[in-house]
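Proteins get letters first, then strands, A, B, ... in listed order; numbering begins at 1 in each.
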Protein chains: 2
Amino acid sequence: MLDHVFFIAKMQDALNKNEMIVFGAHCAVWYSGRAESYLPDGDRLIIIKPDKTLLIHQPSGSAPINYMKEGCKVHINHSDTSLFLNCINIPLKEYLDIKLNSVHFFESHPMEDIQKIQLAGTEEDMADMIYKNPELIEPGFKPVSKEEQTKYGFIDVFGYDKNNVLVIIECKRYSADLSAVTQLRRYVEKIKASKGIDKVRGVLAAPKITPNSLKMLQDWGFEFCSVKPPKYLERYDKDQKSLGDF
Amino acid sequence: MLDHVFFIAKMQDALNKNEMIVFGAHCAVWYSGRAESYLPDGDRLIIIKPDKTLLIHQPSGSAPINYMKEGCKVHINHSDTSLFLNCINIPLKEYLDIKLNSVHFFESHPMEDIQKIQLAGTEEDMADMIYKNPELIEPGFKPVSKEEQTKYGFIDVFGYDKNNVLVIIECKRYSADLSAVTQLRRYVEKIKASKGIDKVRGVLAAPKITPNSLKMLQDWGFEFCSVKPPKYLERYDKDQKSLGDF
DNA sequence: GGGGAGAGATGCCGC
DNA sequence: GCGGCATTTCTCCCC
């Protein structure tokens, strides 16, 4: 357990230097902003990033239990008996206060990282795959160039079938749900209205679909097409030894 | 910068004890599972929780850049020249590998926390508020008891207006968007079909609504009602000094 | 375990 | 800044 004076000095120095700060503490947390919350005493990990994002993590789960977005101001307040971190984000009108009962450890370090993640297997990759392999939808399907699709909004893929009927395709990389069906319906109705045509096919392309969603889809005269999302980095999957090849 | 042998010993001990582990490192990350990704060398904060959730955070932003869900197995592999953390989640078929170039610091500590957060100002609170104050929707609106709403699905509030016409209300705590409108449409159509009645009013209750969404709402004959979400813990907002009163 | 829906969602891109 | 939308969404509740 760290001494208050020592903790305050280290913390203030690290805040001034915009270092990555991480410490463990037994604490309670109050939040007020978009909503309001109170978290009673317990052990948590607290992170303050160089961009002044603050995260509070409990010992389990992926998501932070409390947080403040980028750009919050952190003030250390203490009396003989208590130690508080008061955080405020003025433009967002958000407030978060941490009562620190004891600090288990404290670390800070400057961090540089300009790298961005390379991600494959997204919905956009799925749309690209269908453009390049239109037979995944059906024989004779002819996708229209990507540039044109922007005129009609955020439609994933559209083109014409072998009878030259317009086809709108909504891709989902996971199991298609009710909202995917209503999204497809919105696009089909939008195109029907804007182009003044009556016959437009709507196709939901996804690896699978929930039973209720399939029923709703068919009730509205749309179709489901089973398509798996692509994984462009499969090389990694097949040869774990070649990690250095990237 | 920590010595490899020292780091490995500390890490293995902390993993065995199910402690909260956090360390800073210059590293690269590969992921394969629901999607695939590669993150080139950079400084990051790496967290391994007692429940074996793994999080990798860059120096900015709220969300982890890479992660593994609860229950992953962590193996330390090293040669003369390299140090790897290989993580695997067998039931989810997910894999994550970290190449550690250097470790800036390492901390671990046992953590206990059984507390749950108390949150106010959610969509459910908003529905409760409308039940208790039906005049927020319109004079003469009579909400039906909450128990009955479950028979008809996830409808936030429903009741009858002064002319005894059925009213379905969808609440949104933020600005209502297109999906909120299609969600309301689904509920109204479901109720019309299941009860065999033709006249059902649909009301979207939210603090505001986007222009496109308002147009779509009105095109389908539904209504918008401006309602602010409640904040039950306002006491805290008004008197920051009474933090200990909870 | 899957389905359905909210979230203090976050993050990205476009206007 | 808002709008629209995907997300390795996460989390919760209910069946």
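Rounded to whole angstrom, the span from the CG atom of A/Leu55 across to the C1' atom of D/dC10 amounts to 14 Å. Separating the CG atom of A/Leu119 from the P atom of D/dT7 is a distance of 8 Å, rounded to the nearest angstrom. One can place CG of A/Asp125 at 12 Å from C1' of D/dA6, the figure rounded to the nearest angstrom. We find that CD of B/Glu124 is positioned 10 Å from C1' of D/dC13, with the value rounded to whole Å. Rounding to whole angstrom units, CD1 of residue B/Ile98 and P of D/dT8 are separated by 17 Å. Taking atom CD1 of A/Ile117 as the reference point, atom P of D/dT8 lies 8 Å away to the nearest angstrom. A straight line from CD of A/Glu123 to C1' of D/dT7 spans 10 Å, rounded to a whole angstrom.
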Report the C-alpha separation of B/Asp177 and B/Ser179 in whole Å, then their side-chain angles, then the decisive distance to 0.1 Å, and conclude whether the side chain to side chain donor-acceptor pair (under 3.5 Å) test is met. CA-CA 6 Å; B/Asp177 60 12; B/Ser179 74; 3.0 Å; yes

Can you list the steps and then say if B/Gln58 with B/Leu39 is a side chain to side chain contact (heavy atoms under 4.5 Å, CB included)? CA-CA 11 Å; B/Gln58 288 182 301; B/Leu39 181 66; 3.9 Å; yes

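Within residues 60-77 of chain B, the residues approaching DNA chain D are B/Ile65, B/Asn66, B/Tyr67, B/Lys69, by heavy-atom distance under 4.0 Å.
With a 6.0 Å radius and a threshold of 12 heavy atoms from other residues, nucleotides or ligands, B/Glu124 has its CD atom at or below the threshold.
Nucleotide C/dG8 is matched to nothing when pairs are restricted to Watson-Crick or G-U wobble geometry with both distances under 3.5 angstrom.
Taking both residues in full, the closest heavy atoms of B/Asn101 and B/Ala28 are given as ND2-N, 4.5 Å, listed atom of the first, atom of the second, then distance. Contact detail for A/Ser62 and B/Leu55: the closest heavy-atom pair is O-CD2, 3.7 Å. Here the closest non-hydrogen pair linking A/Pro134 and A/Phe141 is CB-O, 3.3 Å. Taking both residues in full, the closest heavy atoms of B/Ala206 and B/Tyr174 are given as CB-O, 3.6 Å, listed atom of the first, atom of the second, then distance.
Look at the C1' atom in both D/dC10 and D/dA6: the space between them is 14 Å, to the nearest Å. With P as the reference atom, C/dG4 and C/dG8 are 23 Å apart, rounded to whole Å. Of the C1' atoms belonging to D/dT7 and C/dA5, the separation is 16 Å, rounded to the nearest Å.
Only one option out of A/Ile48, A/Ile47, A/Asp113 pairs with A/Met20 in a side-chain contact (heavy atoms from CB on, under 4.5 Å); it is A/Ile47.
Comparing A/Lys116 and B/Arg173 along DNA chain C, the residue whose closest nucleotide (by nearest heavy atom) sits nearer the 5' end is B/Arg173. Two residues, B/Glu170 and B/Pro91, neighbour DNA chain C, and the one matched to the more 5' nucleotide by heavy-atom proximity is B/Pro91.
Using cut-offs of 30° and 60° on the angle between ring planes, the pair B/Trp30 and B/Phe84 is tilted.
Contacts between chain A and DNA chain C, taken as any atom within less than 4.0 angstrom of a protein heavy atom, begin and end at C/dG3 to C/dT10.
Checked against salt bridge (Lys or Arg N to Asp or Glu O under 4.0 Å), B/Asp43 has no partners two or more places apart in sequence or in another chain. Under the salt bridge (Lys or Arg N to Asp or Glu O under 4.0 Å) criterion, A/Glu223 pairs with A/Arg201, sequence neighbours left out. By the salt bridge (Lys or Arg N to Asp or Glu O under 4.0 Å) test, A/Arg173 is found to be paired with no residue, residues two or more places apart in sequence or in another chain being considered.
Within the 4.0 angstrom heavy-atom criterion, only backbone atoms of the sugar-phosphate kind lie near B/Thr122; the bases stay farther away. Within 4.0 Å of A/Gln183, counting heavy atoms only, lie sugar-phosphate atoms of the nucleic acid but no base atom.
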Shorter than 3.5 Å, N or O on both sides, protein versus nucleotides 2-4 of chain D: list them out with atom names.
{"from": "D/dG4", "atom 1": "OP1", "to": "B/Asn212", "atom 2": "ND2", "distance (Å)": "2.4"}
{"from": "D/dG4", "atom 1": "OP2", "to": "B/Thr210", "atom 2": "OG1", "distance (Å)": "2.9"}

